[in-house]
Chemist: 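Before we start, here is the structure in question, set down as structure tokens.
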Amino acid sequence: MTTPVQSPVQLDAVRKTYGSGPSAVEALGGVSITFPAGSFTAVMGPSGSGKSTLLHCAAGLDTPTSGRVTLVGTDLAGKDETALTELRRQHVAFVFQSFNLMPALTVEQNVNLPTLLAGREPDQAWVNQVINRVGLTERVHHRPAELSGGQQQRVAIARALATRPSVVFADEPTGALDTNTALEVLTLMRELVSAGQTIVMVTHDPVAASFADSVLFLVDGQIVNQLNSPGVEQVAATLAHLGEQAKAKRARGQR
Ligand SMILES: Nc1ncnc2c1ncn2[C@@H]1O[C@H](COP(=O)(O)OP(=O)(O)OP(=O)(O)O)[C@@H](O)[C@H]1O
Ligand SMILES: [Mg+2]
């Protein structure tokens with residue numbers, strides 16, 4: 001579905017500190033990770049552990065305090081906002097927990113919006129293919145309010161794919177969905193990866209994470225563990241273990 005590159009996103013010792021002085025918060029404490037083309041990675045960790053910050057830095061939406069982010073072979077350091085916007089438009093797309101669809105627009109118009117905003121003409125054959133891919137061909141002229149939550153998230157995924165991104169970043173894409181609808185969306189994401197798409201997904205749900213090829217665990221801005229093709233129980237057990245560790249650390253008076 002995308003032009004193959006070996007690793008669309010690479011982070012080297014990425015550190016991100018918000019604020020300065022005594023109120024400074026270190027959201028990422030030197031993260032190094034490569035997301036290979038055609039891979040599905042889940043990112044897990046407690047609230048505030050830096051998951052969203054990792055996605056934002058990886059996508060060039062946020063600038064690291066230090067370290068290097070390489071997006072489809074381009075080092076983001078020193079790029080101005082115009083260059084970053086252009087790179088993002090060409091190579092990355094986001095899916096959020098809230099679907100962020102435009103209520104007044106139809107499914108098809110929502111899917112076409114990022115292309116139009118980029119000043120390009122939608123490729124109708126590709127748009128049809130993408131809408132078909134997410135199973136919404138019968139619904140192209142419907143508006144978001146006429147769709148179920150799962151269908152709305154599938155529109156958001158189709159919109160993400162419309163610009164043929166190298167990588168799709170998803171921040172809790174199933175967070176607002178019931179179990180069955182979430183499974184439907186995860187199955188779709190799994191199929192997209194099988195077709196060559198690269199996906200990085202933040203999730204709190206061990207079931208969602210078990211759909212990924214690899215699961216990263218973040219604690220206090222550091223990758224503390226990585227599991228490959230884990231089962232639900234293994235993910236849940238790892239999370240529980242990290243929770244215990246964090247509790248013990250707090251009891252010792254550390255952060
Ligand atoms: N714009 C910002 N300004 C100041 N601090 C921020 C900002 N964005 C994030 N932080 C802080 O950085 C840390 C990491 O935040 P981040 O949003 O990455 O966490 P998260 O793992 O995505 O959490 P959640 O699971 O709650 O979404 C937190 O302590 C947060 O308060
Ligand atoms: Mg977050």
Side-chain angles (χ1 to χ4, degrees), residues 9-35 40-69 71 76 81 84-85 88 92-100 149 153 156-157 160 167-177 182 185-186 189 199-212 214-227 230 232 235-247 249-250 253-255:
V9 191
Q10 210 176 324
L11 281 74
D12 295 305
V14 169
R15 199 172 285 281
K16 178 69 187 180
T17 308
Y18 289 109
S20 58
S23 65
V25 173
E26 189 176 72
L28 290 178
V31 167
S32 297
I33 184 80
T34 295
F35 299 106
F40 189 178
T41 308
V43 181
M44 303 192 89
S47 181
S49 58
K51 303 180 297 297
S52 294
T53 305
L54 173 67
L55 254 55
H56 296 160
C57 286
L61 278 171
D62 210 340
T63 312
T65 307
S66 65
R68 183 199 306 264
V69 177
L71 192 56
L76 299 191
E81 201 40 59
L84 284 177
T85 303
R88 278 200 302 270
V92 307
F94 266 91
V95 175
F96 298 96
Q97 178 171 345
S98 51
F99 320 125
N100 295 340
Q153 191 59 303
I157 292 172
V167 54
V168 174
F169 292 101
D171 202 343
E172 297 190 50
T174 57
L177 304 176
V185 167
L186 289 163
M189 291 171 77
I199 300 183
V200 182
M201 171 183 74
V202 169
T203 183
H204 286 287
D205 178 8
V207 174
S210 72
F211 277 74
S214 169
V215 184
L216 301 180
F217 294 87
L218 272 184
V219 174
D220 293 341
Q222 307 267 5
I223 297 175
V224 295
N225 205 340
Q226 176 165 9
L227 300 175
V232 181
V235 174
T238 306
L239 275 181
H241 179 62
L242 293 178
E244 289 302 317
Q245 278 184 332
K247 219 162 99 184
K249 203 169 154 186
R250 271 197 303 277
Q254 294 163 304
R255 178 163 104 117

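Whatever order the structure lists them in is the order used to number ligands and atoms, beginning at 1.
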Chemist: What's the spacing between Cys57 SG and Arg68 CZ if we round to 0.5 Å?
Modeler: 15.0 Å

Chemist: Do Val92 and Leu71 have side chains that approach each other closer than 4.5 Å (heavy atoms only, starting at C-beta)?
Modeler: yes

Chemist: Say whether Gly45 and ligand 1 are in contact under the criterion: heavy-atom distance to a ligand atom below 4.0 Å.
Modeler: no

Chemist: Is the distance from the Mg ion (ligand 2) to some N, O or S atom of Thr53 under 2.8 Å?
Modeler: no

Chemist: How long is the straight-line distance from NZ of Lys51 back to CG of Leu28, given to the nearest 0.5 Å?
Modeler: 11.0 Å

Chemist: Return the CD1 to CG distance between Ile223 and Leu216, rounded to the nearest 0.5 Å.
Modeler: 5.0 Å

Chemist: At a 4.0 Å threshold, what atoms of ligand 1 neighbour a non-hydrogen atom of Ala27?
Modeler: 12 (O), 13 (C), 14 (C)

Chemist: Show the atoms of ligand 1 that are less than 4.0 angstrom away from any heavy atom in Thr53.
Modeler: 14 (C), 15 (O), 16 (P), 18 (O)

Chemist: Strictly under 4.0 Å, does any heavy atom of Gly221 approach an atom of ligand 1?
Modeler: no

Chemist: Which value, rounded to the nearest 0.5 Å, describes the distance between Glu244 atom CD and Leu239 atom CG?
Modeler: 12.0 Å

Chemist: Measure Val25 to ligand 1 on non-hydrogen atoms and call it side chain, backbone, both or neither using the 4.0 Å cut-off.
Modeler: side chain

Chemist: In terms of atom number and element, which parts of ligand 1 are under 4.0 angstrom from non-hydrogen atoms of Pro46?
Modeler: 21 (O)

Chemist: So is His204 in contact with ligand 1, going by heavy-atom distances below 4.0 Å?
Modeler: yes

Chemist: Below 3.5 angstrom, do we get any N/O pair linking Gly50 and ligand 1?
Modeler: yes

Chemist: Does any N or O in the side chain of Gln97 come within less than 3.5 Å of the main-chain N or O of Ala170, such that one atom is a donor and the other an acceptor?
Modeler: no

Chemist: Please report the interatomic distance CG(Asn225) to CE(Met44), rounded to the nearest 0.5 Å.
Modeler: 12.0 Å

Chemist: Would you say Gly48 has any N or O atom under 3.5 Å from an N or O of ligand 1, going by distance alone?
Modeler: yes

Chemist: To the nearest 0.5 Å, what is the distance between CZ on Phe94 and CZ on Arg88?
Modeler: 8.5 Å

Chemist: Taking only heavy atoms of Ser49, which atoms of ligand 1 are found under 4.0 Å from at least one of them?
Modeler: 19 (O), 21 (O)

